[in-house]
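All remarks here apply to the structure that follows.
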There are 2 protein chains.
Amino acid sequence: MPSESSAPPPAAPPVEKRRRSSGRVTLADVAKAAGVSPITASRALRRDRGVAEALVAKVQAAADALGYVPDPAARALASSRSTHVAVLVPLLTNRLFVDLLEAVQSVLLPAGYQSLIGVTHYDAHEEELLLRSYMAHRPAGLIVTGFDRSEAGSRLVASSRLPCVHVMETSAQPDVFCVGFSQEDAGHAVTRHLVERGRRRIAFVGAQLDARVMQRLEGYRRCLRDAGRHDAALEWLDPRRSSIALGAEMFEALLARHPDVDAIFFCNDDLGQGGLLAALRLGIPVPERIAVTGFNDLEGSDQMLPPLTTVRTPRAQIGAQAATMLLGLMRGEADVPHNVDVGYELVVRGSS
Amino acid sequence: MPSESSAPPPAAPPVEKRRRSSGRVTLADVAKAAGVSPITASRALRRDRGVAEALVAKVQAAADALGYVPDPAARALASSRSTHVAVLVPLLTNRLFVDLLEAVQSVLLPAGYQSLIGVTHYDAHEEELLLRSYMAHRPAGLIVTGFDRSEAGSRLVASSRLPCVHVMETSAQPDVFCVGFSQEDAGHAVTRHLVERGRRRIAFVGAQLDARVMQRLEGYRRCLRDAGRHDAALEWLDPRRSSIALGAEMFEALLARHPDVDAIFFCNDDLGQGGLLAALRLGIPVPERIAVTGFNDLEGSDQMLPPLTTVRTPRAQIGAQAATMLLGLMRGEADVPHNVDVGYELVVRGSS
DNA sequence: CTGAAAGCGCTTACAG
DNA sequence: CTGAAAGCGCTTACAG
């Protein structure tokens, strides 16, 4: 039996019809507590221009006290701009893009934006579907990888008129925002390093064959043509997904066909690690008999035997910079740079 | 000059004040085209019960013809349920969680749900912040990793009353939904394998020291105590992030201190790969002098010299199953299983 | 610098 | 089985 009580039972709450309140603290509650109108409260909390200092403080205090959290759905509906940023990357299984994403999130989250991460699997059709689906969410901005997409995909990006930053590549186009580095120059630098080490039969082993791999290949070609050592037969390309196992397989196949090869430029570190492991298994001395290089400086490359020469690509910097630029664009700032080249770094280790 | 025309110039559109239309095709447009009310159109498109077959077809046809895409913000505001599912994982740098996520997305996206991916970095405070931020988005459901979180975090999950599925572990609790396997049993199985191979001084090398690593350790302890071979000095633990380089470092340190160790159970494959590479570097024969095992069967483990014995964890299956269960919960289905054990598989390779 | 009115595009509850 | 009214919680114009 409940303890006795002389107090009258609490009055039943007034029956309001058509009430659907979710019980959450709304802007109206904050406004009432602060003694201002909801519009003013809205402007104060968004730090919109034209609200008196004192009012801003009062509203913010009321919001804090009530534990007010703005409703993103209501905000998106009213303003036709959400706090979502759609971020499209080819794969999450490549550590490169994970590092990129983490950096993006580390800038966007504290600024109040959520990332909608889309994985395209290097498939133009998948990318279109994702773009279409994410556009329906009225994202505030867009981050996409590179410039290589279907025409429909490009049109979706352009016609949305959304702030958009392209990552991983550079571009000379004036109407585009991008952060990256010249994949072709980096490919050239790796090849030149091998040439300078005196290698004469330098092969290029590429998988996936996405736009950036082909740009690195272009740098390789340019360098070897200039050096008078280009041989198309040494371009060893496979469209399958890049992996350690595939690197090992391609290493063996290439050497079986071209035993005179004395250097291999693997287009990615996972392939390079696989090549190094295959050499170890076959008892082929690296770098004495054959030099091996990779690309991207992925985890484990420095632990290989011998450690893998590679190109360190500043993807964390790219992600942070892209997010910062996007923030600027979304806020309508005028001085956002168009084309940021963050460079790359050749890391020479024991394998070459 | 335009072609002559006797028709009067088109009347200027009526000037409506306060118009803010975004120009997008709305439910009202579809309803008008189909000759029904917006409510009926809404119900027809959502396949809500109680709409005549013929009307559903007519509405759907109109929607298709107009290219109607429902506005998620409006829908979320009106129904207080979005099409977002918040998915919290510790890291994206561990391939395990990437495979999990991909599987989740492959089920959720076709069903019309978007994932909000949150990375907690094994940090209870970060997890709370993410939870709080994502809850504001009124997600339709939640997928979280394991059961080990702060009390505030657990409370956020519970008090949200949102459909929630826990992944990677199993639980006997009746009020919880989870998909995973027994980390402790798997740890026990690895250790038993080493015991059966005749190893006597079996060390456990663990990093990160999250809940699941500790459960594997518990399985290791149980097995060795039963075998009468447990020695606490051979539990080699380090709170740093798991990596190939750390595995190599811990391998060397452990052997320097305990030269009589004849087997090492690394709690994750990246550590195990590092250990294997260190052994190679030091000229320590594996498995003759020392057996090495890992956990999770990550990329490259089968390419090591010798290939790494490990436990294959069905994370793709876990992700797909968790997403399917969540779909059931979000749709209010009654027969969703509570505790799904997908098992694991010991993969014996050359390193043991 | 502040606010009353209207609207964003849906769905919920209430009727019939 | 279908619909007219109201409401979800914000922000955008328009005034003053």
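Just so it is clear: chains get the letters A, B, ... in the order the sequence lines come, proteins before strands, and each one is counted from 1.
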Side chain of [X] only, please: which of [options] is the nearest?
| X | options | result |
| --- | --- | --- |
| B:Arg46 | C:dG3, D:dT11, C:dT11 | C:dT11 |
| B:Arg43 | C:dT2, C:dC10, D:dT2 | D:dT2 |
| A:Ser42 | D:dT2, C:dT11, D:dT11 | D:dT11 |
| A:Ser37 | D:dT2, D:dG7, C:dG3 | C:dG3 |
| A:Leu27 | D:dT11, D:dG3, C:dT2 | D:dT11 |
| A:Arg75 | C:dA4, D:dA5, D:dT11 | D:dT11 |
| A:Thr26 | D:dG9, D:dT2, C:dT12 | D:dG9 |
| B:Ala78 | D:dT2, C:dT2, D:dC8 | D:dC8 |
| A:Leu77 | D:dG9, D:dC10, C:dT2 | D:dG9 |
| A:Tyr68 | C:dG3, D:dC10, D:dC8 | D:dC10 |

In whole Å, I'd like the distance from the [atom1] atom of [X] to the [atom2] atom of [N].
| X | N | atom1 | atom2 | answer |
| --- | --- | --- | --- | --- |
| A:Asp48 | C:dC1 | CG | P | 12 Å |
| A:Arg81 | C:dG7 | CZ | P | 22 Å |
| B:Lys58 | D:dC1 | NZ | P | 16 Å |
| A:Leu45 | D:dT11 | CG | C1' | 13 Å |
| A:Ile39 | D:dT11 | CD1 | P | 10 Å |
| B:Asp29 | C:dG9 | CG | P | 9 Å |
| A:Leu55 | C:dT2 | CG | C1' | 8 Å |
| A:Lys32 | D:dG9 | NZ | C1' | 14 Å |

Please determine whether the number of non-hydrogen atoms from other residues, nucleotides or ligands lying under 6.0 Å from atom [atom1] of [X] exceeds 12.
| X | atom1 | answer |
| --- | --- | --- |
| B:Glu333 | CD | yes |
| A:His125 | NE2 | no |
| A:Glu151 | CD | no |

Q: Counting Watson-Crick and G-U wobble pairs only, both distances under 3.5 Å, name the nucleotide matched with C:dC14, or none.
A: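 C:dC14 is paired, partner D:dG3.
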So do the side chains of [X] and [Y] get within less than 4.5 Å of each other, counting heavy atoms only?
| X | Y | answer |
| --- | --- | --- |
| A:Leu109 | B:Leu130 | yes |
| B:His137 | A:His84 | yes |
| B:Thr145 | B:His166 | no |

(Q) Pick the closest DNA chain D nucleotide for B:Thr40 and for B:Ala74 by heavy atoms, then say which residue is nearer the 5' end. (A)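 Mapping each residue to its closest nucleotide by heavy atoms, the 5'-most match is B:Thr40.
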(Q) With a cut-off of less than 4.0 Å, is there a side-chain N or O of A:Ser79 near OP1 or OP2 of D:dT11? (A)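 No, no such contact exists.
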